[in-house]
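Please read the structure below before turning to the comments.
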Amino acid sequence: MTSRTFHAAILRNAAVLVPAPRRADWLAEWNAELCYIDRDATAFCLGSFRDALWLRCHTPGAIRRMFSMDSPLRCVLFLVSLVALTLSLIFPFRDLWRPLWSPPGAEQFALAILQMYLVALLVLAALWPPSLGDYPADPSGPSVKIRLRRWIFLAAKFVLLTPIPIFLSVALLPVFPGAPSILMFVWIFGFRWVLADQRRRCPVCLHFLSNPVTIGSPSQSVLGRYGTELACPHGHGVLYVPGAPTTWSSRQRWQYLSS
Amino acid sequence: MLHSYTARVTSSAKLSHTAAMILQAIHAGHVYGFSVMETTGLPSGTVYPALRRLERDGLIGSQWESQRIADADQRPARKYYRITPAGKITLQASRMRYPLLARLFPVSAGGKA
């Protein structure tokens, strides 16, 4: 790798921190300046990280956008990083929780975990309807592959969320012996978040729906529609969320814009 | 209105020594980032964020060099910075605060002072 390629690579890496609308301009400026550097080019390029970070911190909404889970990939990556983080937390206490994995303790531990997991699912189903809403089958709608992707995404969130409270409770065990007792509650609220997150995503592109518009008024809920409509930013469809559940419209309803 | 103007001028006049140095360097005719770095002796990680801050506060403005000029010189186009009228007022106030500032980088004959 030549030094020029190396320095350009440093700048490209720093550019990742710069908010997207300003990235091209920022990179062009740094690359132009780099052409005039005849010594300490590496130190010069490393300074770009500070500049990029400054821009990231001082662009309104840039930090929020950085941690936004609008994209399904970002959401999965967020959960994967949470799993990794909680797993890394239990390593310093591995001597304490080793008995849990030995044959007599492991069975009891697994049984207790399974019991709590099932109770959490039951409580969730009893407290909040697990339905995702009405997504009518449309011949001109998305292909089976795209529809399947939505369910895989939902399953991935459930699978990734499951070990997080277990690792967290094991990590907290030395400082808070009652940590496993809160396991069930963390699952309940975690799974509730998974369902809520799934409901506010487009079934086609799996991005968050946007532009909520209130339609009707509470007094019109008998004869007309009263609720909120959200649209997919990529134009795949519109979601109607009833403001007051009625017998004929109690669940949110998706409508493909192609239909 | 006058109160908000006074407040803005007073707050912008309170530049750090580094920011005042960079503003003075631009005023003295060092109009691009690397030139400011060489003149002030400050590292790139200090100069460029300071330039962004000064630009955000309206004390300097920036403009890309014409691609035609850059192509004629066979080099990439640079981004040039220039001091704004508000920047000149702030620099004047900063000189009162840091009296040696003007002597550090005197305005050259070719400068835009």
Side-chain angles (χ1 to χ4, degrees), chain A residues 1-68 70 74, chain B residues 8 11-12 14-23 25-26 29-83:
Chain A
M1 185 189 270
T2 62
S3 64
R4 183 154 291 279
T5 318
F6 172 66
H7 294 134
I10 295 176
L11 292 181
R12 273 199 303 275
N13 278 301
V16 175
L17 290 171
V18 179
R22 299 185 71 173
R23 195 170 296 150
D25 190 70
W26 181 91
L27 198 57
E29 184 182 5
W30 275 89
N31 275 323
E33 296 289 286
L34 181 63
C35 291
Y36 296 90
I37 306 286
D38 50 2
R39 60 180 195 284
D40 295 336
T42 307
F44 172 80
C45 290
L46 288 174
S48 66
F49 281 95
R50 203 170 159 195
D51 185 32
L53 202 62
W54 189 91
L55 276 175
R56 170 64 64 181
C57 295
H58 290 83
T59 304
I63 298 277
R64 185 177 53 80
R65 275 196 296 277
M66 196 177 181
F67 293 103
S68 157
D70 175 55
R74 274 174 176 242
Chain B
R8 198 171 68 238
S11 66
S12 61
K14 286 176 184 169
L15 285 181
S16 68
H17 187 251
T18 307
M21 263 169 68
I22 291 168
L23 199 60
I26 293 169
H30 306 281
V31 288
Y32 50 92
F34 181 55
S35 171
V36 174
M37 270 176 65
E38 279 201 321
T39 315
T40 58
L42 293 167
S44 61
T46 302
V47 168
Y48 288 92
L51 288 172
R52 317 276 175 231
R53 203 175 304 124
L54 291 171
E55 193 174 10
R56 181 200 61 187
D57 295 343
L59 304 180
I60 58 170
S62 66
Q63 193 175 17
W64 279 98
E65 181 187 21
S66 160
Q67 192 63 49
R68 194 172 43 81
I69 297 170
D71 288 345
D73 291 349
Q74 293 185 328
R75 57 179 175 78
R78 311 185 89 155
K79 197 176 193 181
Y80 289 131
Y81 293 92
R82 58 176 168 71
I83 192 161

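Here is how names work: the chains are called A, B, and so on, in the same order as the sequence lines, proteins then strands, and each is numbered from 1.
With a threshold of 4.5 angstrom between heavy atoms, B/S62 does not approach chain A through any atom at all. Both the backbone and the side chain of B/R53 come within less than 4.5 Å of a heavy atom in chain A. With a 4.5 angstrom heavy-atom cutoff, A/D40 does not touch chain B via any of its atoms. Contact of B/A70 with chain A is not made at all, since no heavy-atom distance falls under 4.5 Å. Proximity to chain B (any heavy atom under 4.5 Å) is restricted, for A/A43, to the backbone atoms N, CA, C and O.
A salt bridge does not link B/E55 with A/R22: none of the charged nitrogens is closer than 4.0 Å to a carboxylate oxygen.
Contact check for B/L15 versus B/L59: side-chain heavy atoms found under the 4.5 Å cut-off. Put simply, the side chain of A/C35 reaches to within 4.5 Å of the side chain of A/R4, judged on heavy atoms.
In terms of non-hydrogen atom pairs under 4.5 Å with chain B, the most contact-rich of A/L34, A/L53, A/I37 is A/I37.
Side chain of B/E65 to main chain of B/R78: a donor-acceptor pair is present (N/O by atom type, distance under 3.5 Å, no hydrogens or angles).
In this structure, the ring-ring contact (aromatic ring centres under 6.0 Å, His included) partners of A/W30, at least two apart in sequence or on a different chain, are A/W26, A/F44, B/Y48.
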